[in-house]
Protein chains: 2
Amino acid sequence: MSQTPSSVPASRGPADHNVRDQIVEAAGEHFSHYGYEKTTVSDLAKAIGFSKAYIYKFFDSKQAIGEAICAKTLSAIVAAVEEAVAGATTPTEKFRRMFKTLVSTGVSLFFNDRKLYDIAAYSAGEGWPSARAYCERIRQILTEIVREGRESGEFERKTPLDETVHAIDLVMQPYVNPLLLQYNLDVAEEAPAQLSNLVLRSLAP
Amino acid sequence: MSQTPSSVPASRGPADHNVRDQIVEAAGEHFSHYGYEKTTVSDLAKAIGFSKAYIYKFFDSKQAIGEAICAKTLSAIVAAVEEAVAGATTPTEKFRRMFKTLVSTGVSLFFNDRKLYDIAAYSAGEGWPSARAYCERIRQILTEIVREGRESGEFERKTPLDETVHAIDLVMQPYVNPLLLQYNLDVAEEAPAQLSNLVLRSLAP
């Protein structure tokens, strides 16, 4: 019905992807100095040297830029977890590796790239789609591990699968959720092993 | 060796206790409007209508006043937990009640007396003695319950007691620690029952 506004490019080629990446990168830098919450798209445009209208060609809002930064960061954590899990043979070992990798990747992000961490923490606090998708993916990986352990007889089968997965998810949340992890850094080294032991005892047939 | 400074009263009778309580109460009100961190003892003195020197007769520092407010608040939570545990007969039921009461008392404090909650959260973040004593007391109650369950044969005895208690303590922290509880309010209703079930499965002999 409505016509495509003439300001929107007809197609998005590799050049557009470059500009998107450029905006995301520059925005990450800018947020790190002035904070995500205090920065407006006008501030960003000035800092990057693009017009505000030009930025709006690529992102609908400041949150869309934050989302892009956040999704990239959280994808890296998921990739690390998937790799760690793929290297294990038993469900028990998969669970241990998942928990350990989640925490160690999150902690290293916190200490090495604080600006990305802060945006991830903010996104988790605000329930952004990228943060929700991340939690959902972690839950899927956990569900697959528990299901596999039940099928192989390594884990108990009396408790409904949903209930088991949900409770384990609650145990992991303080270390998975970037908003909470920052308060648990002092136990982040030892907690995954100790909590994995407890969870695995609860899963014993 | 050194003489008692003449400004310190020779004894602290009931009148002194009244003044202490008065300062604590007025400080709680003041902190609630201006925040604990932003308030100085001078601000407090002005607001209460006492001289700064007079306040220093009763409290060494602003933190000492905050500690008094915090200790009172956390004692109320401990008292509620002790009462709930005393009303149960089995270690399983004691554990469930402890967890549930800890969370419900914390949540009701958060919603009904936000100013006291904020000081408790701040004290937990800063590792104040009152907050550490509170965590220590909760851990003691937990240890007693687990020990009783091991003695009665209700809980397993293979895992070292310390390890078991420490892991359960980690599971409860996000709901016990006021600094963390405020981020977990959306699951605070269901989490104690679901996590209690998981913990009790891990304790099965």
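Keep in mind that this is a model prediction, so the values were computed, not measured. Order of the sequence lines sets the chain letters (A, B, ...), proteins ahead of strands, with each chain counted from 1.
- Heavy atoms of Ala191(B) lying under 4.5 Å from chain A belong to its backbone as well as its side chain.
- Every residue two or more places apart in sequence or in another chain that forms a side-chain contact (heavy atoms from CB on, under 4.5 Å) with Ala167(B) is listed here: Leu198(A).
- Heavy-atom distances place no part of Leu200(A) under 4.5 Å from chain B, backbone and side chain included.
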Hey, can you dump all donor-acceptor pairs under 3.5 Å between chain B and chain A, distances included?
from, atom 1, to, atom 2, distance (Å)
His166(B), NE2, Glu190(A), OE2, 3.4
His166(B), NE2, Gln194(A), OE1, 3.1
Tyr183(B), OH, Tyr183(A), OH, 2.8
Glu190(B), OE2, His166(A), NE2, 3.4
Gln194(B), OE1, His166(A), NE2, 3.2

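- Proximity to chain B (any heavy atom under 4.5 Å) is shown, for Val171(A), by both the backbone and the side chain.
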